[in-house]
Amino acid sequence: MVLGLVAFLGSTASTAAADTCPNEVFRTGPSKKLPECRAYELVSPSFTGGVPPTALNFLNIQHGFEAPLITSSADSVIFNTFGGALRGFPGTGFNDRYRAKRTADGWVTEFVGAAGGQTPFPVYGGVSADHEYYFVNAGGGDFELDPGASLQAPFGGQDADYMHTPSGEFELIARGSLGESKNAVGNLITPGAGHVIFEAQQKLEPNAPTTGTKAVYDRSPGGATNVVSLLPGNVTPSQHALYLGASADGTEIAFAVDGKQVSSSVFSHAYVRIDNTTTKEVALSDTMQFAFAGIFGDHVFYTDGVSATGEVAAGGGNLYSFDIADGTTTVVTNVGDARFTNVSNDGSRVYFVSESQIEGQGTAGQPNLYVWSRSDEHTSYVTTVAISDVQGVAGLAGWIGAVGPHKEAAGGSAGGGGAEATSRATPDGSVLAFESKAQLTSFDNTEESAEDCGQIDFEGNPVPGQSSCKEVYRYDAISEELTCVSCPSGDGPATGEASLQTLGLGFGNTQPLSVLQPAASLTTDGEMVFFESTEGILPQDGNGKRDVYRWRKGTGIALVSTGQSPAVSYLYAVTPTGSDVVIHTAQKLVPQDLNGATSALYDVRVGGGFPPPEETVTESCAGDICQGSPSAQAEAPRMTSRSLVGDGNVGQSPRCRKGTHKASRKGKARCVKNRKHRRAGSHRRADR
């Protein structure tokens, strides 16, 4: 019996008593300490041969866009491996893509990448939110489209760009009524591939510009290809077009046309295409430049805070909202030094930082955080954050890089990624979760020692002015309440720091996420915040390592990882309701995890859990024979996945070691000792 998620998440109990969890029989071992009747479920294969699952190598800037690594229905998780394919799958061993699907008996992994015989060096891009389609660049070799037919990937000195479909086939991204091209930049795939948005320089449609002039296109598999980058009146431009961004459903697409782009988000002439039928002008200036800040709630957001060299200005500017429906522009703020922090999905609230005082609130000359509401066009003061919070490309002033087009720009620079913004908002913006080094509550987040928060230079000396640890805060715009969700009880000082997620810096690192995978750390109702912390916030966190926590309104903080792993644990993905939290950990949390010190993916699921495979349920035994040989080296297990090719989470018939023999019981092959023993009861029950 599985607990109803909606009913349970409405409960205020942080940890349900044993007799109130219908899934208590599955909440054995470490699962018993989880809140909200959660249980650990092994998502990645039970044995990966020392190759950890990761999303870090999704960092294909040319085809990158953000999408959740777990579906909203919590039945699919996407991951890659790098430097080694999972045993039993036709991977390349360079960079391989997999999809784990949840079944009634457990998570089963299937291979959804390019096989080694197709290309030796695939570079994977963004995946649609339903996990059915994705972009990939074939970095060499023959990349087969149909049986008996293949295309050489190197073409004109460049590689070939494809889209993977649910049937397992690959088709060129750039297709139109006039032909196809091996070269494209993939921008976005909406669920079901209703909109496949891309850029190409080959003329694919009659109303596209001539070959050699970049245009933005929109198509669907088997459907028509539309030219997006048409000027008002459906006029074909003679200059290059640059994709800026799109609404979540792909029906509104912003682009720039002027051939003057010097970075991936800056423009002087910008437009929005609506339903592939109408184009409206967003901003037009022969003397000024603007930076794109996203399409949300049928509004295009942008700023004039652009430097003379065509880059987003560190000093900020004014913020604007263009109404796509009526063509009017609203000035969000005209203080001249504002920078976007976050825009809600419905476009109703804008969070921004400014060193100006607004209506007498804030501290002059310091980075003040404000929120603007569309309902009354009023700006309210939230708090004053630390200067370090708004420095660099990431942080509370990194929104432009987070929502901009993630590809190589005309000037050779690269766009950012959604995880560069260190804040998360609910769809209506009524709740904001964000990171800050400022002390915003009574808890003293000044570090106890320089090593606590990593604020030391290459010579091991403390970095001046960097003596505070990051904490995660939650702001409620309705009640105007600001809460430190990552602060331990007591007054401090801090012995570690917190973050909404960790970002990896390159291939081979243990961190599983890149800037293109922002974890949904804040639930859509604003009730829960998931974060990582290197501080032992709760007494049971005694490993001194990074762990994953959950804060919940009304109940407080609870561990999501155990706090006992000898290695760090990371946040990987969260469903919108928070019912499922995927973590990346090297700790064995269920009996069938045979990965040892290699990290695996676990779903920490409300009402979750599965019966353990029978081969992992030990027989009753006594004496030295039960201990096995202390010097024997464990063999790599043999595993299968039901109805799929490759290794999964379900054990196969075991190899029996000396002193045991194989026997069939209840249709299952098992190893039993060569001596009398009492058989365990046939009915499993939870540990009490």
Side-chain angles (χ1 to χ4, degrees), residues 1-5 8 11 13-47 74 77 100 102-108 538-543 547-550 558-567 569 579-597 599-621 626 637 639 648-651 654 665-666 668 670-671 677-688:
M1 184 168 71
V2 178
L3 187 68
L5 299 185
F8 185 83
S11 169
S14 61
T15 304
D19 59 355
T20 65
C21 287
N23 63 325
E24 190 62 22
V25 67
F26 303 141
R27 284 167 40 83
T28 58
S31 293
K32 291 184 69 66
K33 297 182 180 180
L34 289 171
E36 301 152 347
C37 289
R38 295 180 186 267
Y40 291 115
E41 298 179 356
L42 181 60
V43 173
S44 51
S46 55
F47 182 72
V77 172
R102 192 178 192 274
T103 72
D105 299 318
W107 288 85
V108 180
L538 297 175
Q540 56 266 42
D541 185 350
N543 59 0
D547 277 289
V548 181
Y549 282 87
R550 184 276 288 137
L559 273 163
V560 175
S561 57
T562 66
Q564 300 297 316
S565 173
S569 298
S579 63
D580 293 72
V581 185
V582 181
I583 63 172
H584 187 271
T585 181
Q587 185 177 10
K588 181 175 182 175
L589 301 176
V590 296
Q592 59 267 39
D593 185 349
L594 306 176
N595 287 297
S599 293
L601 296 178
Y602 279 89
D603 181 7
V604 191
R605 185 182 182 99
V606 173
F610 303 104
E614 259 192 75
E615 53 267 32
T616 66
V617 179
T618 58
E619 302 283 348
S620 298
C621 183
C626 298
M639 296 167 291
N649 299 338
V650 183
R665 297 187 178 171
K666 295 188 177 182
K668 300 284 186 180
R670 307 173 67 184
C671 295
H677 60 275
R678 182 175 57 86
R679 186 179 178 189
S682 59
H683 293 286
R684 300 189 188 95
R685 62 184 179 87
D687 296 332
R688 300 288 181 181

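Across Leu594 and Phe47, no two heavy atoms sit closer than the pair O-CD1, 3.5 Å. Nearest heavy atom pair, residue Leu559 against residue Gln540, reads CD1-CG, 3.4 Å. Counting all heavy atoms, side chain and backbone alike, Ala39 lies closest to Phe26 at CB-O, 4.4 Å. In terms of heavy-atom proximity, Gly608 sits nearest to Asn23 at O-ND2, 2.9 Å.
Between Ser561 atom OG and His584 atom NE2 the span is 13.0 Å, to the nearest 0.5 Å. Note that the OG atom of Ser569 and the CG atom of Leu589 stand 8.0 Å from one another [nearest 0.5 Å].
Looking only at distances, no side-chain donor or acceptor of Arg38 sits under 3.5 Å from a matching main-chain atom of Ser31. Of the possible polar contacts, none joining the Asp603 side chain to the Val43 backbone as a donor-acceptor pair under 3.5 Å is found.
Side chains of Trp107 and Val77 form a contact here, defined as non-hydrogen atoms less than 4.5 Å apart. Residues Val604 and Arg550 are not in side-chain contact: their nearest non-hydrogen atoms beyond the backbone lie 4.5 Å or more apart. Contact check for Asp580 versus Arg605: side-chain heavy atoms found under the 4.5 Å cut-off. Contact check for Arg27 versus Lys33: no side-chain heavy atoms found under the 4.5 Å cut-off.
Evaluation of the side-chain contact (heavy atoms from CB on, under 4.5 Å) rule for Ala586 yields Ala567, Ser599 as partners, not counting sequence neighbours. Residues passing the side-chain contact (heavy atoms from CB on, under 4.5 Å) test with Ala600, sequence neighbours excluded: Leu42, Ser44, Asp593, Asn595, Tyr602. Here Gln587 pairs with Thr562 under the side chain to side chain donor-acceptor pair (under 3.5 Å) rule; sequence neighbours left out.
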